[in-house]
A.B. asks: 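For reference, the structure I am asking about is given below.
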Amino acid sequence: MNLLAELRRRFRPALAHFTADVDPLLDMIRPSQPQHGDYQANCAMPLQKIVGRPPREVAQQLIERLELDDLCEAPTIAGPGFINLRLKDAWLAEQAGQAVRDERIGVAPAESPRTYVIDYSAPNVAKPMHVGHIRSTVIGDALYRTLGFLGHRVISDNHLGDWGKQFGMVIYGYKHFRDEARYQDDPVTELARLYQLVHQIIEHQAGKPTRGPAPLDQLPSLSEPHPNLERRVLDETARLHRGEEENLRLWKEFMPACLSALHQVYDRLGVRFDHELGESYYDDRLSKVVEDVQAKGVAEESEGAICIFIHEFPAPMIIRKSDGSFLYATTDLATIQYRMETWRPDAILYVVDHRQSEHFEKLFAAARLWGYSDVELMHVSFGTVMGEDKRPFKAREGDPVGLESLLDEAVERAYRLACEIDEKKPEGPQLSEAERREVAEVVGIGALKYADLSQNRTSDYVFSFDKMCALDGNTAPYMQMAYTRVCGIYRKGGVDISTLRDAETPIVLSHPAERQLAVALLRYSEALDEVVKDYRPSQLTSYLFDLAKTYSGFFESCPVLKAETEELRRSRLLLCDLTARTIKQGLDLLGIGVVDKM
RNA sequence: GCGCCCAUAGCUCAGUUGGAUAGAGCAGCGGUCUUCUAAACCGCAGGUCGUAGGUUCGAAUCCUACUGGGCGUGCCA
């Protein structure tokens, strides 16, 4: 049961009496601060102009038309015309009981499921993954899981950068700079080094010396035999795209190693994709796309390039360069075409950092001009990951902070945390070394993901191991700990919770903390709706943190195993059960695991 | 130059798209353990919501200008 949705359903006919346009007014029913009740309806104020009566009077008329007796106490009017709603304890208890017995813990599947394609992660195959990739991967995965749980058809597609200029760089590097022994030993690392080296030399030639694999004082001599390196790289790229035998052979040789390195990271993150159709997949569509766009009069030639001019933007979107080659804009259009043909989605979400927002605005406008006007194209943008010095926390050339080393460090810190917790237990250490390692992996990876997801995605965020691994505050370890505390109760009391769950045991709300917990639990469905509404997983972390705090309040003031009566004991155990399941499931929708003890 | 984004407590951030006295978490101060994990909980303190105007019953939120920061900007992705 979605409480808010139910209230809105009840308000609809009453509001319809005053105006035809009720939807905006329904949005003004919202959760309230506790001192004012559970929910508040703020529709009387805007209605005063339509009805022509003072808002408090409007509120009174509205209340008289509402049929809420079964779920709410009598509504009250406060201030300028707020309608305060307090849910009945008996109704809350009944709803909580239903949620306990429900596999989906009270979350109804979407009434009208949509089809979503989510495009996330999309690393450049030739470069090592770094911290910048984690946001796209983690946010995209959370949206994938959440939309799927809500009953939508969701297709995840990792749009790998496997065909662009970066491969020209790697191929050029391979041909001229490779260390054969290192390549044989560890191809991915050597390719990454080559990429960085070529990048470094190009920067050097552009007069912007940067750090990289080569010492700065050796750059001139390294650079000298390769004048105009950027041009040479583009030539290698063009040869690859033309299908010249050697470059294509190298590309085919590099790809499996690169992909398997990526999948190692994805496996560890617990991320998997339905499809991994990289840029190369669309190569043979590109010329047809350009022709078609031109034929429809959407694109035109300008200064030798084929361009789509978008009214709002001074610079056009170039889809074919004057030298005849294509760009990522071309690939992106081809990708939209392919996805529409293949899956007919209602929405395509691009989880990509905010610096590309202008590109997507142009792309979406171009797609609409091209005829794809009935699909929601959404740039789910996110901010930059910053270091604690407030500078972008990106891999510096030559000194890369690889994603894997970040994972290692998070897990190592979680391991130390797990040991510390275990050793401080009053009854002595409880975990084996293997268990500690398992806890560390779940908590460490969880901490990293949670830190990212708990941030409003649109803002930059400061990356801090200390904060993400803290047991206080809005962190994964705190949530995971809250979960283990519930499990601890079952262990201590020798409770078989699933039997109790099926026994139709009634929920009793005898204490304010129990009531508060029940309300928080029943708002899970609302939280998921909020996540999906603006594609913001942080709505779920906020909810879970709030739930965990509410549970702590309950835990402090309501003994469970030692409850005054057996009826109360069973009821409280079920509230614990619903809390644990909500936390576990909520974290799962964020791609984060839990352990029974830590 | 033009465009987009941001500015909220000492620090890191929320703020449900215009609603009640702007909220959390850290850090600080003070309490609470013979009692289900004290790795917890409770309380106190902390604010000119960048500045100045405007819109209205009501503004951190919307509009304008300004200040300070970030990002992007015709042949990279």
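Letters A, B, ... are given to chains in the order of the sequence lines, protein chains preceding strands, and every chain is numbered from 1. Being a predicted model, the structure only gives us computed values, none of them experimental.
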A.B. asks: Using whole Å, report how far CG of L26(A) lies from P of rG19(B).
C.D. replies: 16 Å

A.B. asks: Step by step, would you call Y350(A) with F364(A) a ring-ring contact (aromatic ring centres under 6.0 Å, His included)?
C.D. replies: CA-CA 11 Å; Y350(A) 295 82; F364(A) 298 163; 5.5 Å; yes

A.B. asks: With a 4.0 Å limit, can you tell me whether Y478(A) has a side-chain N or O closer than that to the phosphate oxygens OP1/OP2 of rA24(B)?
C.D. replies: no

A.B. asks: Can you check the H511(A) NE2 to rC41(B) C1' distance for me, whole Å?
C.D. replies: 13 Å

A.B. asks: Taking atom P of rA38(B) as reference, at what distance in whole Å does atom CD of E423(A) sit?
C.D. replies: 18 Å

A.B. asks: From C-beta outward on S32(A), which listed nucleotide comes closest to its side chain: rA77(B), rC75(B), rA20(B)?
C.D. replies: rA20(B)

A.B. asks: Side chain of D353(A), backbone of F382(A): donor and acceptor closer than 3.5 Å?
C.D. replies: no

A.B. asks: Tell me the interatomic distance from I489(A), atom CD1, to rC36(B), atom C1', rounded to whole angstroms.
C.D. replies: 5 Å

A.B. asks: With nearest nucleotides of RNA chain B determined for R457(A) and A329(A) from heavy-atom distances, which residue corresponds to the more 5′ nucleotide?
C.D. replies: R457(A)

A.B. asks: Hey, what's the ring geometry for W163(A) with W251(A), parallel, tilted or perpendicular (30° and 60° as the breaks)?
C.D. replies: perpendicular

A.B. asks: Just the rounded figure in Å: distance from P of rG18(B) to CD of Q40(A).
C.D. replies: 15 Å

A.B. asks: rC76(B) P sits how many Å from K127(A) NZ, rounded?
C.D. replies: 14 Å

A.B. asks: Distance check, P atoms only: rC11(B) and rG47(B), in whole angstrom units.
C.D. replies: 12 Å

A.B. asks: Between atom CG of D162(A) and atom CE of M255(A), what is the distance when rounded to the nearest 0.5 Å?
C.D. replies: 4.5 Å

A.B. asks: Quantified in whole Å, what is the C1' atom distance between nucleotide rU12(B) and nucleotide rG46(B)?
C.D. replies: 15 Å

A.B. asks: Quick check against the 3.5 Å criterion: does D422(A) have a side-chain atom that pairs as donor or acceptor with the backbone of P429(A)?
C.D. replies: no

A.B. asks: Please report the distance separating the P of rC6(B) from the corresponding atom of rG50(B), rounded so that it comes out in whole Å.
C.D. replies: 12 Å

A.B. asks: Rounding to an integer number of Å, can you tell me how far R485(A) CZ sits from rU35(B) C1'?
C.D. replies: 14 Å

A.B. asks: Pull out every residue in residues 77-85 of chain A that has a heavy atom closer than 4.0 Å to any atom of RNA chain B, ordered by number, or say none.
C.D. replies: A78(A), F82(A), N84(A)

A.B. asks: Write out a two-atom table: protein N or O, nucleotide N or O from nucleotides 3-13 of chain B, distance below 3.5 Å.
C.D. replies:
{"residue": "rU12(B)", "atom": "OP1", "partner": "K390(A)", "partner atom": "NZ", "Å": "2.3"}
{"residue": "rC13(B)", "atom": "O3'", "partner": "Q455(A)", "partner atom": "OE1", "Å": "3.3"}

A.B. asks: Would you say the side chain of S302(A) and the base of rG74(B) hold a donor-acceptor pair, judged only by whether the two atoms sit under 3.5 Å apart?
C.D. replies: yes

A.B. asks: Which nucleotide, if any, forms a Watson-Crick or G-U wobble pair with rC62(B), using both distances under 3.5 Å?
C.D. replies: rG54(B)

A.B. asks: Distance check: side-chain N/O of R355(A) vs OP1/OP2 of rC76(B), anything under 4.0 Å?
C.D. replies: no

